[in-house]
**Q** 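Please find one structure pasted underneath; my questions will follow.
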Amino acid sequence: MLAWLPRPDGGTTPAAKQLLLSLNQWDTGHYLRIAESGYQADPASPAFFPLYPILIRVTDVIVPGGALVAALLIANAAVFGALTLLYRLTDHEFGTAVAQRATWYLAAFPTGFFLFIGYNESLFILLLTGALYAGRRGHWWLAGALGALSSATRLFGVLLMVPLAMEYARQIGWRPRRVRPDLLSLALVPMGAAAYSLYCLIIFDDPLAFSNAQDHWGRHYTFPGAAWVSAVQHAGGGLLSTDTLGAALDAGTVVVAAVLLILCVAGPARFRRDQMYLVVHGVLTLALLTSTELWFRPMMSSSRYVLEVLAIFIVLARLGARQAIDRAVLVIGAALHASFLTIFIAGTFFIA
């Protein structure tokens, strides 16, 4: 594969270095520029939330090798923590065997390689899984703090307020006799996004600069499901290209995730009522994904954003108790994982 990689410099860059650079492109470049030069370096930069670039900057000061090495260290440390917490959460809910399969399924997911490269996927999943697990165990201030860090990593972190509030109400009773102080912990969840909004107000004189920067890609919001319809139309309405293939991948991945969420509430692998907080988080995530459009490719990157829907990996792990399903998931997932990784390394704007 190293010999096959495109060599735009005529072959002067060592193959190993070329592989490293090819693994870390597209969004990685934005995070590295922010870490090295701040948000003023690129008008599109405010679209990328600050926690990951901050961690890159801090790590780069401590560890030699540059910002890219720092980004990779953070991503791989975070994915180890994310898989560990997913195991702990699933073990708490469904037992050891299901927990083992769930962690393998997440790592082997076709777009799971994004967890190991210079994107913030693994950091975000680490924080959201930690918040849900802490809330489930009744550690509400920790859950709120992790939720705040998640919303400082990606706007989707704000969605945690709903499943956490749902689980909080279940634990203390839907009609409590008195207000408990730890109820305020739920208000911490959007504080990461709020702090970034304040920063945008100070630096750009625009508290919504992170949203307005999305105009760089022509991103806009519509009602849930409309973006999925647009993605299907985009996939079938033109010549075969990376954009149409990408739209088909995004739309198809969301359908698979939606089917698995349905299986969380209907069928032999359905969750108990007290476990519905996981399903609610998944439904909200898919609703936001299917209501976000880009002018050149609706629902772009949804094939990797579904990595955040923890419930689909857990229900799949329950179904994986049957050996045939387990082997199929791992073989198909790993094969697609390798194929998509090769496409990504080649620099094709198909998966990003």
Side-chain angles (χ1 to χ4, degrees), residues 76 78-117 121-122 124-133 135-137 163 167 248-286 289 302-342 351:
N76 283 270
V79 73
F80 179 80
L83 292 172
T84 301
L85 285 175
L86 177 60
Y87 178 92
R88 296 289 297 273
L89 173 63
T90 310
D91 183 35
H92 177 74
E93 299 289 1
F94 296 107
T96 301
V98 177
Q100 290 175 341
R101 288 192 293 269
T103 53
W104 276 110
Y105 293 171
L106 175 59
F109 193 73
T111 54
F113 63 87
F114 281 106
L115 300 172
F116 303 92
I117 64 176
E121 304 300 325
S122 55
F124 183 69
I125 293 173
L126 167 67
L127 295 169
L128 80 87
T129 308
L132 291 172
Y133 182 52
R136 183 63 162 166
R137 299 301 298 267
E167 176 61 15
L249 174 64
D250 292 330
T253 305
V254 167
V255 169
V256 171
V259 169
L260 290 172
L261 282 178
I262 292 172
L263 293 177
C264 290
V265 296
R270 63 183 178 274
F271 294 2
R272 300 191 309 268
R273 289 186 63 183
D274 64 300
Q275 296 166 333
M276 286 297 109
Y277 71 99
L278 292 167
V279 181
V280 168
H281 176 262
V283 169
L284 291 174
T285 300
L286 289 191
L289 286 180
S302 293
S303 60
R304 64 178 167 93
Y305 289 149
V306 297
L307 290 167
E308 304 159 15
V309 185
L310 303 181
I312 68 174
F313 300 102
I314 297 174
V315 73
L316 198 56
R318 298 198 74 195
L319 294 169
R322 296 179 61 181
Q323 189 178 64
I325 295 176
D326 178 59
R327 296 296 182 265
V329 170
L330 289 175
V331 170
I332 294 172
L336 290 175
H337 186 128
S339 300
F340 290 168
L341 175 58
T342 303
I351 304 169

**Q** Report yes if the side chains of Tyr305 and Thr285 come closer than 4.5 Å at any heavy-atom pair, otherwise no.
**A**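 With C-beta onward as the side chain, the pair stays apart.
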**Q** Keeping to residues at least two apart or across chains, list the side chain to side chain donor-acceptor pair (under 3.5 Å) pairs with something in residues 251-264.
**A** none
**Q** Could you pull out the closest heavy-atom pair between Leu330 and Trp104, with the gap in Å?
**A**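 Smallest heavy-atom distance, with atoms named: CD2-CB, 4.2 Å.
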**Q** Please report the shortest heavy-atom distance between Ser303 and Asp250, naming the atom on each side.
**A** N-OD1, 3.2 Å
**Q** Give the minimum heavy-atom separation between Val254 and Ser302, together with the two atoms involved.
**A** CG2-CB, 4.1 Å
**Q** Sequence neighbours excluded, which residues qualify as side chain to side chain contact (heavy atoms under 4.5 Å, CB included) partners of Ala258?
**A**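 So Ala258 forms a side chain to side chain contact (heavy atoms under 4.5 Å, CB included) with Leu286.
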**Q** List the residues meeting side-chain hydrogen bond (donor to acceptor under 3.5 Å, both in side chains) with Tyr87, not counting sequence neighbours, and say none if there are none.
**A**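 Tyr87: no side-chain hydrogen bond (donor to acceptor under 3.5 Å, both in side chains) contacts found.
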**Q** For Val265, check side chain to side chain contact (heavy atoms under 4.5 Å, CB included) against everything at least two apart and list the hits.
**A** Met276, Val279
**Q** Restricting to ring-ring contact (aromatic ring centres under 6.0 Å, His included), what partner residues turn up for Phe271, sequence neighbours left out?
**A** Phe94
**Q** Measuring from atom OG1 of Thr111 to atom CG of Leu341, what distance do you get when rounded to the nearest 0.5 angstrom?
**A**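 Thr111 OG1 to Leu341 CG: 11.5 Å, rounded to 0.5 Å.
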**Q** Quick one: side chain to side chain contact (heavy atoms under 4.5 Å, CB included) partners of Val280, sequence neighbours excluded?
**A** Val162, Met166, Leu284
**Q** Within the structure provided, determine whether Arg88 and Asp91 are in side-chain contact (heavy-atom separation under 4.5 Å).
**A**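 Contact flag for Arg88/Asp91 side chains = no.
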**Q** Could you check whether any side-chain heavy atom of Leu260 comes within less than 4.5 Å of a side-chain heavy atom of Leu263, counting everything from C-beta outward?
**A** yes
**Q** Taking all non-hydrogen atoms of both residues, which atom of His337 and which atom of Phe113 are closest, and how far apart?
**A** CE1-N, 3.2 Å
**Q** State, to 0.1 Å, how close Leu126 and Ala78 come at their nearest heavy-atom pair, and which atoms those are.
**A**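 Closest approach of Leu126 to Ala78, heavy atoms only: CB-O, 3.8 Å.
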**Q** Please set out all donor-acceptor pairs under 3.5 angstrom arising from side-chain atoms of residues 309-328, sequence neighbours excluded.
**A**
| from | atom 1 | to | atom 2 | distance (Å) |
| --- | --- | --- | --- | --- |
| Arg318 | NH1 | Ala269 | O | 3.1 |
| Arg318 | NH1 | Arg270 | O | 2.9 |
| Asp326 | OD1 | Tyr105 | OH | 2.6 |

**Q** Listed by chain and number, what are the side chain to side chain contact (heavy atoms under 4.5 Å, CB included) partners of Arg272, not counting sequence neighbours?
**A**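 Per chain and number, Arg272 pairs via side chain to side chain contact (heavy atoms under 4.5 Å, CB included) with Glu93, Arg136, Asp274, Gln275.
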**Q** Can you check whether Leu128 reaches His281 side chain to side chain, under 4.5 Å on heavy atoms?
**A**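 Counting from C-beta outward, Leu128 and His281 do come under 4.5 Å.
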**Q** CG of Leu106 to CG of Leu83: how many Å apart, nearest 0.5 Å?
**A** 5.5 Å
**Q** Nearest 0.5 angstrom please: Leu89 CG to Thr84 OG1, how far?
**A** 12.5 Å
**Q** I'd like to know if the side chain of Ser122 and the backbone of Leu115 have a donor-acceptor N/O pair within less than 3.5 Å.
**A**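 Flag set: sc Ser122 to bb Leu115 pair under 3.5 Å.
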